[in-house]
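Right, one structure below, let's go through it.
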Protein chains: 2
Amino acid sequence: MSHLSVHVPLDGGRAYDILIGRGLVDAVGAQAAALGAKAAGIVTDETVAGLYGARVRASLERAGLRCGIIAVPPGEASKSYAGYASVCDGLLALKIERGDLVVALGGGVVGDLAGFAAATLRRGVRFLQVPTTLLAQVDSSVGGKTGINSPHGKNLIGAFHQPRLVLADTATLDTLVEREMRAGYAEVAKYGLINDPGFFDWCEAHWRGIFSGGPERDEAVAICCRAKAGVVVRDEREDGERALLNLGHTFGHALERLTQYDSARLVHGEGVAIGLALAFRFSARLGLCSGQEAGRVANHLAMAGLPTRLQDVPGGSGDAEAMLDAMAQDKKVRDGALTFILARGIGQSFIAPGIGRDDVRAFLQDELRG
Amino acid sequence: MSHLSVHVPLDGGRAYDILIGRGLVDAVGAQAAALGAKAAGIVTDETVAGLYGARVRASLERAGLRCGIIAVPPGEASKSYAGYASVCDGLLALKIERGDLVVALGGGVVGDLAGFAAATLRRGVRFLQVPTTLLAQVDSSVGGKTGINSPHGKNLIGAFHQPRLVLADTATLDTLVEREMRAGYAEVAKYGLINDPGFFDWCEAHWRGIFSGGPERDEAVAICCRAKAGVVVRDEREDGERALLNLGHTFGHALERLTQYDSARLVHGEGVAIGLALAFRFSARLGLCSGQEAGRVANHLAMAGLPTRLQDVPGGSGDAEAMLDAMAQDKKVRDGALTFILARGIGQSFIAPGIGRDDVRAFLQDELRG
Ligand SMILES: NC(=O)c1ccc[n+]([C@@H]2O[C@H](COP(=O)([O-])OP(=O)(O)OC[C@H]3O[C@@H](n4cnc5c(N)ncnc54)[C@H](O)[C@@H]3O)[C@@H](O)[C@H]2O)c1
Ligand SMILES: NC(=O)c1ccc[n+]([C@@H]2O[C@H](COP(=O)([O-])OP(=O)(O)OC[C@H]3O[C@@H](n4cnc5c(N)ncnc54)[C@H](O)[C@@H]3O)[C@@H](O)[C@H]2O)c1
């Protein structure tokens, strides 16, 4: 089995590898055994359990590990206090001890939830990410951010807890519905937009191969993981540069909030796609980058089937004031001022703290007028 | 205001001080302001809120901090998933941000719960311990262990999160009911029993001063904090020596579990007192220490009004098998073998892994026979 690999050189014995390739779900057992675990709790959602649960369990059992599956309902609603309690209690019922492993098998929801449970079960057990959505493979499974949502907002409760290994089986994406594939693709394009204009060019030329499962898919996942790993190693706790990864997310999170995290209306990556287009148009409006570049960003996202305007949100996004309030509740707010990630061009993003509410309001009002 | 102080020299910018003295609740605001916080969420229980909440709030407001109080019902039952969710959501409603502070005002229940909320709110905000029980002042407020209980057992969910400062106001103990004072005293005596025979002698001579609030109280709290801080600095994550602090706790936790954490029957420190007496009698039975020393331990605890025998548990402790099962669920179990802290004499404790169930069963059966 051939695969690509990305090393994440964190200090304090926390360095780990990301393996990328087709068929890696069958290697979970051998990798877990190599880490010296005797038991593993597989945390997943019901959809992914039905597709890959048996293979991962068989792989672990072949390697001699005791294991069990804890499956939560699919969807963002499982990243809740109640979902957290049920995963922790499920792991305790499986008698997962400090030397054992939690295996997060699924998308970002499962990774965040299982990772937070692993971070806090017995004050910390090791965990392994087996991401099965494009979004999870290029973003959420790397970097150690774990957590759940509060009624007050997304990801407001959590911990930094690095996985011991990430196994990104790109063949699992073959069963992903098109819409989730597109949503993940927004995050792929994001890496080009942040600081790698060459990769954005490459995306414009090769995005179809990522969707169809050609070698471009593995290559793109590896490039994104390498980019994210680099940022994480330089700024693990998001005191600085790591915030760039939030390009498109301040708007995106607000939209998710305003649509009540109802995935029938909007999924995370769709919010990010709109957010990326908005961030570039807002940058253009502020005279930071050209309107042409902002147009190129929106065009490419739209070409890949992603929404790029507030009007694309089914049921509407609410008015500008509602968007502002939703953004102000985001945790990237300090002392009440809004922080955005803006751009001087494709691949030239930067952190822009202290953006005034009035500028944002006027921009959003114009956007809503169309 | 004169006070004693103990420094906890942890690395990575996490060193902190423990201040000990009468009247320190009125200094919370000045200390919080010195840490640069603009807002503070006071987490407490309803009893402590009634006694000291207004003073702490006034102190914070005098220092210019925005603040609010979140009070949970008193008692171990608040250290639950539900209690955790309500504290986190309460802190979010107060708009506590990353640079702000959580103030844990109360006993060990509040300290563990508020500390865990602080560890995980926005993936970590700073917190200040203001312990108001003897147990919390000498034990739970120092060392960074935070957490909640699961239906599967005590403290199974949590995080290591060090406070930025501990303010142990020994005058608050004046309002503590006698029974809680005694329970905390079990932990005081424990430090002598672990590795400081001279302190145990001193306790035998001076314990009344600790109870009555003489200068011995502050002195004892400082000695205990210094002892605990030393252990924590040498072994923060409990890979070795820190386990010695569990002297008396393997039995004690089992008793708490068997009495359903019903504080009407048994509070933590009472479980520890019985556990200390049992640990020494078990050590004597295994030929590790003299029966005379085991007797001296039990006598001193009984003198201070503490229970020392399984029969002292109101409603009974269950049979030996039930005790064993309860101990096997404790998180200090690895691969199924029981680990105890035993002693070769007063002040000569050590970690004894791999103790056989049969030895423990026979011992407990004899104890129950009386
Ligand atoms: N921790 C981080 O750094 C980070 C970064 C970005 C996003 N996130 C979080 O990730 C979450 C979104 O992740 P997501 O988009 O993967 O959502 P998701 O986990 O809900 O998965 C999307 C859907 O795809 C299904 N699915 C997963 N794998 C499949 C497969 N191989 N075949 C068929 N169906 C499959 C799931 O059952 C689910 O219905 C959000 O909660 C977001 O906050 C976290
Ligand atoms: N984190 C650690 O390292 C650690 C160590 C030991 C124990 N613990 C935990 O500590 C908890 C027990 O702590 P505790 O014994 O302080 O219990 P507690 O917090 O329940 O307090 C005991 C009772 O005293 C009341 N009270 C508190 N301060 C008072 C005051 N000044 N005057 C009057 N009443 C007051 C409380 O309302 C409560 O009813 C347990 O949950 C245990 O697991 C944690």
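Naming: A, B, ... by sequence-line order, numbering from 1 per chain. Note that these values count all heavy atoms, side chains included, but never hydrogens, waters or copies made by symmetry. Nothing here was measured: the structure is a model prediction, and the numbers come from that model.
For the options A:Ala82, A:Gly147, A:Pro151, A:Gly153, heavy-atom pairs under 4.5 Å to chain B are most numerous at A:Pro151. Between chain B and the options A:Gly99, A:Ala39, A:Ala93, the largest number of non-hydrogen pairs under 4.5 Å is found for A:Ala93.
Of the two parts of B:Tyr81, only the side chain, counted from C-beta on, holds a non-hydrogen atom closer than 4.5 Å to a non-hydrogen atom of chain A.
Closest heavy-atom contact between A:Asn155 and B:Arg123: CB-NH2, 4.0 Å. Across every non-hydrogen atom of A:His152 and B:Asp89, the tightest pair is NE2-O, 3.3 Å.
Summarising the geometry, atom CD1 belonging to B:Ile157 is positioned 8.5 Å from atom CG belonging to A:Leu91; distances are rounded to the nearest 0.5 Å.
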Could you tabulate the donor-acceptor pairs under 3.5 Å formed by side-chain atoms of residues 106-119 of chain A, not counting sequence neighbours?
from: A:Asp112; atom 1: OD2; to: A:Lys79; atom 2: NZ; distance (Å): 2.9

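For the side-chain contact (heavy atoms from CB on, under 4.5 Å) test, residues two or more places apart in sequence or in another chain that qualify with A:Arg62 are A:Asp26, A:Ala58, A:Ser59.
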